[in-house]
Amino acid sequence: MLYKAGLDIGSVMAKAVIMDDRDILSYSIRPINGNFAAAAGAVLEETLAKAGLFLEKLDVIGSTGLGASFLSCPHMEITDVACQGRGINYLFPSARMVIEVGDQSSRVIKLTEKGKIADCIINDRCAAGSGRILQIIAKVLRININELGGLSLKSTNSVRFSTGCSVFAETEAISRIAEGTKMEDIIAGLHYAMAIKIYGMAQKAKLEDICAFTGGGAKNLGLVKMIGETIGKNLLVPEEPFITGAIGAALMALEKAGSPC
Amino acid sequence: MFFAGIDIGSTITKVVIKNEEGILVSTAQPTGAEHRRLAHEVIKGALKKAGLTFDQIDFIVATGYGRINVPFADAQVSEITCHMRGVSWLFPGVSTVIDIGGQDCKGIKVAGGRMRNFIMNDKCAAGTGRFLEVISDTLGLKLEDIGEISLRSDNPAGVSKTCTIFAEQEVLLRLSEGVSVEDILAGLHKALAGRIHSMVSKIKIEKDVVITGGGAKNAGLCKYLEERIGFPVLIPSEPLITGALGASILAQEMAAKTSADEQVKKERKLEAVTFFDKED
Amino acid sequence: MEEKKKKKSSAKTLQTAREAGYFGKKMLAGTRQAYEEGKPVAWSMVDWWMGSTITKAMGIELCYPENYGAFCASVRKAEPNLDYAESDGVPNTICGYARNCIGYTRKLKENNFIIPEDSPSGGMPKPLFLLACGAVCDARYKWFQSLGRYMEVPVWTLEFPQTGVNEYFMGDNKKDNIKFMVQELREFIAFLENLLGKKMDWDNLSGKLDTFFKTHELAHKVDLLRKSVPSPAVCTDFWSIMIPHLYMPEDPEALDFYQRVYDEVKYKVDNKIGAIPNEKYRMLFGELPPWHTLGIFDEFAEKYGVAFAFESWNYHVPSPLPDDERYGINDPLELIARYSYHKFNEHAQVAREQCMEPTLFTAPYMKFVKDYKADGLFCHPLISCRPATYTLMHVRNLLMEKFKVPSVVVEGDIVDLRVFNEEEAHSKMEAFIETMDHYREVRKKEGFEW
Amino acid sequence: MSDLKGLARAAQIYRGRHERAKEIKAGGGKVAGYFCCYPPLELMTSLDYMPLRILGDMNEPLTEADTYLPTAMCCFYRSVLDTAMKGRFDFIDAFIGAHACDGAERVSYIWKSYLKSPCSFYLDVPHTNHAASIELFKKQLMYLGEELEKTAGKKANREMLKQAVALHNKQRSLVRRLYSLNKGDPPLMSGSEILQVLIAIMCIPAVEGNALLEEVIEEVKVRAGGPKQRKGRILVWGSLIDDIALTGLIEDCGLNIVIDDTAIGTRSFWVDVDETEDPFDGLAIRYLDKVVCPRTFRDTKQTRMEDLDNRFGYLKKMVKEWNVNGVYFNIIRNCDIHGYEIPELRDYLEGIGLPVLVIEQDYSTTALEPLRTRFQAFAENIG
Ligand SMILES: Nc1ncnc2c1ncn2[C@@H]1O[C@H](COP(=O)(O)OP(=O)(O)O)[C@@H](O)[C@H]1O
Ligand SMILES: Nc1ncnc2c1ncn2[C@@H]1O[C@H](COP(=O)(O)OP(=O)(O)O)[C@@H](O)[C@H]1O
Ligand code: SF4
Ligand code: SF4
Ligand code: SF4
């Protein structure tokens, strides 16, 4: 039995999974809170504990994400696009396109049947359109980020947001509130703006029939629905969207290591 | 006679009440989500401080980002004009005003108390006060302190990201790499000063230069900007209120222009307007 | 941060490429010397239709602000000029070369036309006139026109027809276009004669044209040699060796130089010596390079075995003019017009076969991709240049649709370092390697040759 | 056909821009879509093609454009291609692209690559106005005529062309009359009203357009309450405006748009076609030389001031006749043609005492609101 671990140390969340030859044994997710090294260590430990394993038992560790280099134990760094692709391929072998809304960027990845990258469109020069705005807006509206999705589904008359800067979207939201716009309409409007941006990206890569949606943004059911409607496809959403990158990291680490010694 | 200027900024709401002689009181407090209730409350606060009642105020000018949400104002004037007027009143020799606000940054060219030209950032929050807020938040420091702290560095860190949101992440990475807070802050302030300077240069920076707006309260930013500009700049003792001050000056002028019969006061009520309610 | 700084300039794989910098310096020094001696100098666009050869035949020394912009960028000294131009009111979205030049000219003027001390590579002297060009791009005549703000020198715009694919084949359109070009050239010569108060020396022109064509022919042969696998030279080599053929092909030294380039490349081909040690992927590069960070291509080569086998349509010389177009043409101006029109339209037939537009910037890639056995295209859309950027997405779509060749898109700029994100380029490239693998298989399945 | 008249009818057409064209098509007629102000309308009209100006849509979020065009591209033409790829122009029978600027040029190519109309032509427009250029342009117009004839089922003879010239010249003179109604104070029409009328006549046959113009002029001439008297009487210069959301915002802030120099406004109508022996001569001269747009290079003059007068002198005249006291430079982001002119023209106009406001806008209604403060500050500073 081979044990492999994958870590995805993103910009806000640290995620880890441990897998054996076939299955996911355990996973864990924790916020980074500004200390990448600590979060990376802690999330790995936590996952090991859940799986009832020790570090020494792991045959290979793959890592990805912005903070991957802060992991202190020996590991293999892999790009996050590839990891997301492989992770989704593991969960949904039929998916040919992945939409990922993370904290810093949104991406559309086209996959081959082996889960390799056939094309990839990244939006990462400017945070407009990334998942960060969801956090910001939740803060402005003084609600928990988990509530966004549910609320937006109630909207009947979403506001038109300019797809501009995430920072300005915040002030735009504030003034909408001041005008008395309903909270759900604001959220729905924001989701729509994001969906349009993502639709444009998906078009660039030529939209595929079977699409999956992952990354932190996929936790938001309202956003899932909005994107699904905008691009006119049903989206496959993993049970735990946060960990797809980590799964991919684990899988790819093994591939790259060949047979571990 | 009494005149009020109320400046509902994106971040901070400011009020100035003056009479013919000069400023009586000024207040500043954070702008919340509910401008309307806020406008009503801040003016009450300011009135109380001045020992006046609402009816004693002859003319009110609202300005700033939320100026349309002040139901009791007699007139609305853009913040560009107001800052320009406020600063010219404080520094009659001013030629270039740099206003660093919460969500925008402006350069205004003035000659003989009149606006000649202006420029404003657009689309991107990267050159605004908001940038500093986000950073101080990320670092868990007080906004008031980061400027001073940045001045302690003699080896500013390189900052490659311009986007406010991404810069925040870069800060965290640098921290994790062991770069000192001073150096990071110095790097960020320098980068911000650079962006503001190159924007304002478009209208040609000429003496006297006055930096105002909330950003002017940041000593680090002012120093780095001064370095870029290449000669000393002036900073009002209370930079936050120049917009509100300008509005109150305009209030005075407008009151004088309004003919006597119009002086029979318009129906103007100071009351809370219904506003967005979470429970709906 | 500091210690992590990536190398910015490229090492280049050809010995001749390393020597090519000489020509850039020679050009600038030549104009400065002429200026000091009171001889006429001018600034010119890369004009692609030999307006500069005509100018030089009239005894005017030339330098090229586009080339100067690339140079300033490569030594990372362009930013102050960009800032200075923007502060005079030009939008920061306009061409990086133009902003660099406008900023520089503004400084030059403010220094009473004495070249500012700190000008990279010694700077460009004040010109007697400006040779603008209507080929390819609006910036290239608008920008020289806008320099009138700083110096009262005449601008001449050499216009270049831009024909659509079907229109190229309509009636006598080609003939009409060439006739027009000849007329425009005549007017241009009249302008020069008037400006200098002397007549054109036609023999001198013919002599220059002779060398010109010889240089171009060699440059073209080098291009053909680059079809071999492994690639004997890569894009970073080309962007150096192109300087003599782009800016001074009529200079005998350039001709000599090209003979040496040819010999070197030929030797490498004959002995199957690749430019990079371990060529695994062959890519095309579209269009203008990030001058400030050419080192990145060395890193791609090292990390992934990517050889940039061919690049930038617009910098390459055309294939030699077919004999039937050349035969019996005695008027040098007509020869110039034909050759130039050929440069822009030689791929019209390809475009017609592929049912696509335009010939410019797009159709050539439909050929390159096969000839150079490309696995992928690196698109570098520029923030500040529309003409060489517009068609990149289009090329990307076409290559995928027609040849199953994928592209990676990394935004950046020729001059403006502030908008290029190296990390992003690396991570995109890393992901792109898998993509190229995939489409290799697809092409194999579908029966493509490579 | 609708029974609305005058301004109300114009507003109706403005809102449903393609309805009339589709009606005509349903009745067996043909529609030719064209770019910018360079393809001669007379050619289309004489061959019974209804000319339809192809415009973008500031309200439509861009979803398709990025697949074909990079983001650094002119925002207007991105929108044009975006709506076209969504099928908005699928009904046209002929597409006439033009080399107005690089933006128009490359989008013409890309359009022709992906959208196949029964007839399509790319009109190369030289950048200089030399005699040789006019000759070449005339030839290009003749090729355009040939291409249109193939699908028109008829040939245009001299007579037909001359009639079309007369018809369109009449339209031009009516438009000029319309603008002249704004010379007084207060002006009789708002910028938004004029814009609606102009877009309307670009979307219906010339004959109907002329009738509409006459109705509007009659209606407005006798107006008591036009737009409010405002302190600002401004000239709009620059890239085109095709949505009243923008003009409305400007007027909302206390400025009257009394005259413009943009590609939807006066530029398309200001000068007539000369009635030459060979109508193609008149057309070539008018469209290449007489239409004044900074996309055409005019040979430099002896001194800089002469050069500027040569390029911008007409604006001084407009300023005087319409009693303008401020100028707004409307720059669509990434528009090189107008971008390079900003510093020069700004100084030129400030030199005659006019305040100038320069805004680079994104061609999107959602991005308009942040501009309000700028227009307002500008208005406060005028007069
Ligand atoms: N419970 C939640 N509901 C909706 N969105 C969430 C939730 N939790 C996090 N997010 C979104 O997910 C983003 C983080 O996504 P993630 O893929 O982890 O990014 P990264 O890898 O950069 O850390 C946050 O910015 C936020 O927008
Ligand atoms: N005490 C302070 N020290 C440093 N910066 C401050 C301070 N107070 C406010 N600021 C800065 O000022 C900005 C708000 O400025 P202000 O001119 O009030 O903007 P607005 O008018 O948009 O509300 C904040 O974003 C913050 O960066
Ligand atoms: S627009 Fe906003 S989100 Fe985009 S780069 Fe600027 S600060 Fe960042
Ligand atoms: S093609 Fe691009 S880089 Fe060259 S001059 Fe034109 S805008 Fe500049
Ligand atoms: S706005 Fe500019 S780029 Fe766009 S069509 Fe007009 S001139 Fe061309």
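Given the structure is predicted, the values throughout are model-derived calculations rather than measurements.
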Residues passing the ring pair (Phe, Tyr, Trp, His ring centres under 6.0 Å) test with C:Phe113, sequence neighbours excluded, are none
> Taking NZ, NE, NH1 and NH2 as the nitrogens, is one of them in C:Glu66 or C:Arg140 under 4.0 Å from a carboxylate oxygen of the other?
Replying inline: yes
Interface check, chain C: of D:Leu136, D:Ile342, D:Thr71, most non-hydrogen pairs under 4.5 Å belong to D:Leu136
Pair count under 4.5 Å, heavy atoms only, with chain D: among C:Gly89, C:Gly134, C:Pro358, highest is C:Pro358
For C:Lys175, does the NZ atom sit with more than 12 other heavy atoms under 6.0 Å from it, leaving out its own atoms? no
| Between C:Tyr365 and C:His347, do the side chains contain an N or O donor and an N or O acceptor separated by less than 3.5 Å? | no
So, the part of D:Lys116 with a heavy atom under 4.5 Å from chain C: the answer is side chain
Electrostatic pair D:Asp307-D:Arg298, nearest N-O below 4.0 angstrom | no
Given D:Tyr68, D:Trp111, D:Tyr143, the one with more heavy-atom pairs under 4.5 angstrom with chain C than any other is D:Tyr143
| said: Main chain of C:Val165, side chain of C:Thr359: is a donor-acceptor contact present, judged purely on distance under 3.5 Å? | reply: no
Quiz item: Do NZ/NE/NH1/NH2 and the carboxylate oxygens of D:Glu146 and D:Lys150 come within less than 4.0 Å?
Solution: no
Under the criterion side-chain contact (heavy atoms from CB on, under 4.5 Å), I'd like the reasoning laid out for D:Asn334 against D:Arg78: C-alpha separation, chi angles, the key distance, then a yes or no. CA-CA 11 Å; D:Asn334 295 326; D:Arg78 271 171 83 202; 5.9 Å; no
Rounded to the nearest 0.5 angstrom, the CD-CH2 distance for C:Glu184 and C:Trp49 is 6.0 Å
Bottom line for D:Glu344: the part with an atom under 4.5 Å from chain C's heavy atoms is both
Honestly, the part of D:Arg311 sitting under 4.5 Å from a heavy atom of chain C is side chain
Most heavy-atom pairs under 4.5 Å with chain D, out of C:Asn177, C:Asp176, C:Val90, C:Thr391, belong to C:Asp176
Answer yes when C:Asp138 and C:Arg386 have at least one side-chain N-carboxylate O distance shorter than 4.0 Å, and no when they do not.
no
Answer key: most heavy-atom pairs under 4.5 Å with chain D among C:Gln354, C:Gln145, C:Met356, C:Arg186 is C:Gln145
Contact list (residues 121-131 of chain D to chain C, heavy-atom gap under 4.5 Å, by number) returns D:Phe121, D:Tyr122, D:Asp124, D:Val125, D:Pro126, D:His127, D:Thr128, D:His130, D:Ala131
Salt-bridge contact D:Lys112-C:Glu167 (side-chain N to carboxylate O under 4.0 Å): yes
Pair count under 4.5 Å, heavy atoms only, with chain D: among C:Ala132, C:Cys95, C:Gly148, highest is C:Gly148
The reported gap from CZ in C:Phe144 to OH in D:Tyr340 (rounded to nearest 0.5 angstrom) is 10.5 Å
Presence of salt bridge, D:Glu341 and C:Lys142, under 4.0 angstrom: yes
Ordered numerically, the heavy-atom neighbours of chain D under 4.5 Å found in residues 152-163 of chain C are C:Glu152, C:Pro154, C:Val155, C:Trp156, C:Thr157, C:Glu159, C:Pro161, C:Gln162, C:Thr163
So, the part of C:Phe191 with a heavy atom under 4.5 Å from chain D: the answer is neither
So, the part of D:Asp347 with a heavy atom under 4.5 Å from chain C: the answer is side chain
Item checked: Salt-bridge contact D:Glu360-D:Arg333 (side-chain N to carboxylate O under 4.0 Å) -> yes
Turns out that what part of D:Gln302 lies under 4.5 Å from chain C's heavy atoms comes down to backbone
Heaviest contributor of heavy-atom pairs below 4.5 Å to chain D, chosen from C:Pro381, C:Cys385, C:Cys137, is C:Cys137
So, D:Asn381 side chain and D:Ala377 main chain: donor-acceptor pair closer than 3.5 Å or not? no
Cut-off 4.5 Å, heavy atoms of chain C, and the answer for D:Ser108 is neither
Checklist line | Short N-O contact, C:Lys179 and C:Asp172, less than 4.0 angstrom | finding: no
Hits for side-chain hydrogen bond (donor to acceptor under 3.5 Å, both in side chains) against D:Lys138, two or more places apart or cross-chain, chain-then-number order -> D:Asp278, D:Asp281
When the 4.5 angstrom heavy-atom criterion is applied to C:Leu392 and chain D, the contacting part is neither
